[in-house]
Novice: 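Supplied in structure tokens, the structure appears directly below.
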Amino acid sequence: MNLGYACINMKLSYPKKYGLDQHRITMNRSMIRRTFDEKGLDYTSELVMKNVADLHSIIQWNEDNGIKFFRMSSETFPWASEYYQDWTKFPNIRFIHAMLSDCGQLATQYGHRLTAHPGPFNVLVSPNEDVVQNTITDLTIHADIMDFMGLSRTPYNKLNIHCNGVYGDKESALDRFCKNFERLPMSVQSRLTVENDDKATMYSVKELYDGIYKRIGIPIVFDYHHHRFCTGGLSEQEALELAISTWPDDIVPVVHYSESRSKEQLDEKIRPQAHSDLIKQLPNTYGHNVDIMVEAKHKELAIEGFIK
DNA sequence: ATAGGTCAAGCGAGG
DNA sequence: CCTCGCTTGACCTAT
């Protein structure tokens, strides 16, 4: 069982704040549209080179600190949708490829599991063709980066998304998910997973199982915290085990765990779905071997105390 | 150097 | 109709 954290390393991102005498390390350097238009691809490439170099540092930091599970940021290549069609034309692409390849080799050598979680704008269930097209683009970019790293084309290195829409008709929305799945490149299809939602009106594990897994066979990521708000009539154990059953035998399933911010901060005004800074405990895995992605605002600091 | 306003994309919930 | 939150705050300008 591995514990992981997502996208940001607090100590490395804010070294001063945590009393470290070193420069900032982050894979989240980005820019607004206007800057992208003004400064162009050369400047973009500079940010990307720093981001991928820092990914290497983060992997090494993770190894040094006993962490073997990490979700990569989706912001490593700012505005990638504007240039992903032909990576070979991107400035310094040889350096970037080499660095990503090194990152992948390092992770593989250390036995680290690297995953990604493309954002809420990825809506495979959308009735709007433009939205679906943008989704295909964003997922393809994520998969390309994983390919550059030499990561497996399996859900071991998962690309995880939510359905992200209902439109008053789940049945047809789920239909569209399965139909649009066929339009994705193999680099995406082979890694894609889907996660249960934190709203009762959206998708429970059971609904994802019936509507997606049964038809296209992609694994379900079980989120403990979300399940509390959308049980689909299943207990935690039932939902967990149903999700686990969708994973290939030779790949350890991933689950997400977080705790309520309103409880942690003793503030009832905070919406119950919000994530806490830290966690008090680990989830009950009911004896199953899973990798646990801990979604806490303070990132790696939340799991430090649980790493053996 | 820091603070405050601003910032690609989609959706649903809450005010 | 507007804002928030989500995966994840980070960027940019004025002071």
Novice: Applying a 4.0 Å non-hydrogen cut-off, can you work out what A/Lys297 is touching in the nucleic acid: base, sugar-phosphate, or nothing?
Specialist: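 Sugar-phosphate, backbone atoms only, no base.
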
Novice: Taking the P atom of each, how far is C/dC2 from B/dA9, in whole Å?
Specialist: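 About 16 Å, rounded to a whole number of Å.
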
Novice: Roughly how many Å is it from NE2 in A/His117 to P in B/dA9, rounded to a whole number?
Specialist: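 Value for this atom pair: 20 Å.
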
Novice: Please report the distance, rounded to the nearest Å, between CE in A/Met10 and C1' in C/dG9.
Specialist: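 These atoms are roughly 10 Å apart.
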
Novice: When all nucleic acid strands are considered with a 4.0 Å heavy-atom cut-off, which category describes A/Ser73: base, sugar-phosphate, or nothing?
Specialist: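 The residue A/Ser73 makes no contact with any strand.
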
Novice: Given B/dA13, is OP1 or OP2 found less than 4.0 Å from the side-chain N or O atoms of A/Thr201?
Specialist: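 For A/Thr201, the contact criterion (side-chain N or O under 4.0 Å from OP1 or OP2 of B/dA13) is met.
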
Novice: Under 4.0 Å, counting only non-hydrogen atoms across every strand here, what does A/Thr26 touch: a base, just sugar-phosphate, or nothing?
Specialist: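 The residue A/Thr26 makes no contact with any strand.
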
Novice: C/dG5 and B/dC7: how far apart are their C1' atoms, nearest whole angstrom?
Specialist: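 Roughly 15 Å separates the two C1' atoms.
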
Novice: Closest to the A/Thr35 side chain: B/dC11, C/dT8, C/dC11?
Specialist: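 Closest of the options to the side chain of A/Thr35: C/dC11.
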
Novice: Mind checking the CZ-CD spacing from A/Arg33 to A/Glu38? Nearest 0.5 Å is all I need.
Specialist: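 Here the rounded value is 11.5 Å.
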
Novice: Would you measure the distance from the P atom in C/dC12 across to the matching atom in B/dA8 and give it in whole Å?
Specialist: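 The same atom, P, in both gives a distance of 10 Å.
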
Novice: Ignoring backbone atoms, establish whether A/Ser30 has a side-chain N or O less than 4.0 Å from OP1 or OP2 of B/dC7.
Specialist: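 The answer is no; no side-chain N or O of A/Ser30 sits under 4.0 Å from OP1 or OP2.
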
Novice: Which nucleotide sits closest to the side chain of A/Ser126: B/dC11, C/dT8, B/dA8?
Specialist: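 The nucleotide sitting nearest to the side chain is B/dC11.
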
Novice: What is the nucleic acid contact for A/Gly119, judged by heavy atoms within less than 4.0 Å: base, sugar-phosphate only, or nothing?
Specialist: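 Here A/Gly119 touches the bases of the nucleic acid.
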
Novice: Across the strands shown, which category fits A/Asn164 at heavy-atom distances under 4.0 angstrom: base, sugar-phosphate, nothing?
Specialist: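 Result for A/Asn164 = sugar-phosphate.
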
Novice: Give A/Tyr14 one of three labels, base, sugar-phosphate or nothing, depending on what nucleic acid heavy atoms sit under 4.0 Å from its own.
Specialist: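 Contact class for A/Tyr14: sugar-phosphate only.
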
Novice: Counting the atoms with a prime plus P, OP1 and OP2 as sugar-phosphate, which does A/Ala274 contact under 4.0 Å by heavy atoms, base, sugar-phosphate, or nothing?
Specialist: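 Counting heavy atoms under 4.0 Å across all strands, the contact made by A/Ala274 is with sugar-phosphate only.
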
Novice: Is A/Arg71 close enough to C/dT8 that one of its side-chain N or O atoms is under 4.0 Å from OP1 or OP2 there?
Specialist: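 Yes, A/Arg71 has a side-chain N/O under 4.0 Å of OP1/OP2 on C/dT8.
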
Novice: Tell me: CG of A/Leu47 to P of C/dG9, nearest whole Å?
Specialist: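 Going from A/Leu47 (CG) to C/dG9 (P), I get 19 Å.
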
Novice: For A/His275 and C/dC6, give me the distance from atom NE2 to atom C1', rounded to whole Å.
Specialist: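 From A/His275 NE2 to C/dC6 C1': 8 Å.
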
Novice: Using the side-chain heavy atoms of A/Val131, tell me which of these nucleotides is nearest: B/dA8, C/dT8, B/dG10.
Specialist: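 Between B/dA8, C/dT8, B/dG10, the one nearest the side chain of A/Val131 would be B/dG10.
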
Novice: Nearest to the side chain of A/Trp79, which nucleotide is it out of B/dA8, C/dC12, C/dG5?
Specialist: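 Looking only at heavy atoms from C-beta outward on A/Trp79, the closest nucleotide is B/dA8.
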
Novice: Quote, to the nearest angstrom, the C1' distance that separates B/dT6 from C/dT3.
Specialist: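 Roughly 15 Å separates the two C1' atoms.
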
Novice: Kindly confirm or rule out a cation-pi arrangement of A/Arg176 over A/Tyr167, judged by NZ or CZ under 6.0 Å from the six-membered ring centre and within 45° of its axis?
Specialist: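 Judged by the rule, A/Arg176 and A/Tyr167 form a cation-pi pair.
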
Novice: Is the gap between the ring centers of A/His227 and A/His256 under 6.0 Å?
Specialist: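 No - the distance between ring centres of A/His227 and A/His256 does not fall below the 6.0 Å cut-off.
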
Novice: Tell me: CG of A/Asn28 to P of C/dC11, nearest whole Å?
Specialist: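 Rounded to whole Å, this separation is 8 Å.
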
Novice: Classify the nucleic acid contact of A/His226 as base, sugar-phosphate or nothing, counting any heavy atom under 4.0 Å across all strands shown.
Specialist: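 Sugar-phosphate: the residue A/His226, judged by heavy atoms under 4.0 Å, touches backbone atoms but no base.
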
Novice: With stacking defined as ring centroids separated by under 5.5 Å and planes differing by under 30°, is A/Phe121 stacked against B/dA9?
Specialist: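 Stack criterion met.
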
Novice: Could you check which nucleotide pairs with B/dA8 in any of the strands shown, counting Watson-Crick or G-U wobble with both distances under 3.5 Å?
Specialist: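 Base partner found: none.
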
Novice: Looking only at the aromatic ring of each residue, does the gap between the centers of A/His226 and A/Phe222 stay below 6.0 angstrom?
Specialist: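 No, the ring of A/Phe222 stays outside the 6.0 Å limit from the ring of A/His226, centre to centre.
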
Novice: Give the rounded distance in Å between these two atoms: NZ of A/Lys199 and P of C/dC4.
Specialist: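 Taking atom P of C/dC4 as the reference, NZ of A/Lys199 is at 15 Å.
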
Novice: Can you tell me, in whole Å, how much space there is between the C1' of C/dT8 and that of C/dC4?
Specialist: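 My reading of the C1' atoms in C/dT8 and C/dC4 gives 15 Å.
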
Novice: Looking at C/dT8, B/dG10, C/dC12, which one has an atom nearest to any side-chain atom of A/Met31?
Specialist: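 When the side chain of A/Met31 is considered, C/dC12 is the closest of C/dT8, B/dG10, C/dC12.
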
Novice: Over how many whole Å does the gap from A/Arg34 atom CZ to B/dG5 atom P extend?
Specialist: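 Roughly 17 Å, once rounded to whole Å.
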
Novice: Nearest to the A/Tyr167 side chain among B/dG12, B/dA8, C/dC12, which nucleotide is it?
Specialist: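 Nearest nucleotide to the side chain: B/dG12.
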
Novice: Just how far, in rounded Å, is P of B/dC11 from CE of A/Met202?
Specialist: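 Taking CE of A/Met202 and P of B/dC11, I get 10 Å after rounding.
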
Novice: Identify, between A/Ala6 and A/Lys39, the residue whose nearest nucleotide on DNA chain C lies closer to the 5' end.
Specialist: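 Upstream on the strand: A/Ala6.
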
Novice: Please work out which of the three classes, parallel, tilted or perpendicular, describes the rings of A/Phe77 and A/Tyr83, given edges at 30° and 60°.
Specialist: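 Plane angle between 30° and 60°, so tilted.
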
Novice: Using 30° and 60° as the class limits, which term best fits the ring planes of A/Trp87 and A/Tyr84: parallel, tilted or perpendicular?
Specialist: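 Perpendicular, since the angle between the ring planes exceeds 60°.
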
Novice: side-chain hydrogen bond (donor to acceptor under 3.5 Å, both in side chains) with A/Tyr286: which of A/Gln237, A/Glu238, A/Glu236?
Specialist: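 Testing A/Tyr286 for a side-chain hydrogen bond (donor to acceptor under 3.5 Å, both in side chains) against A/Gln237, A/Glu238, A/Glu236 leaves exactly one candidate, A/Glu236.
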
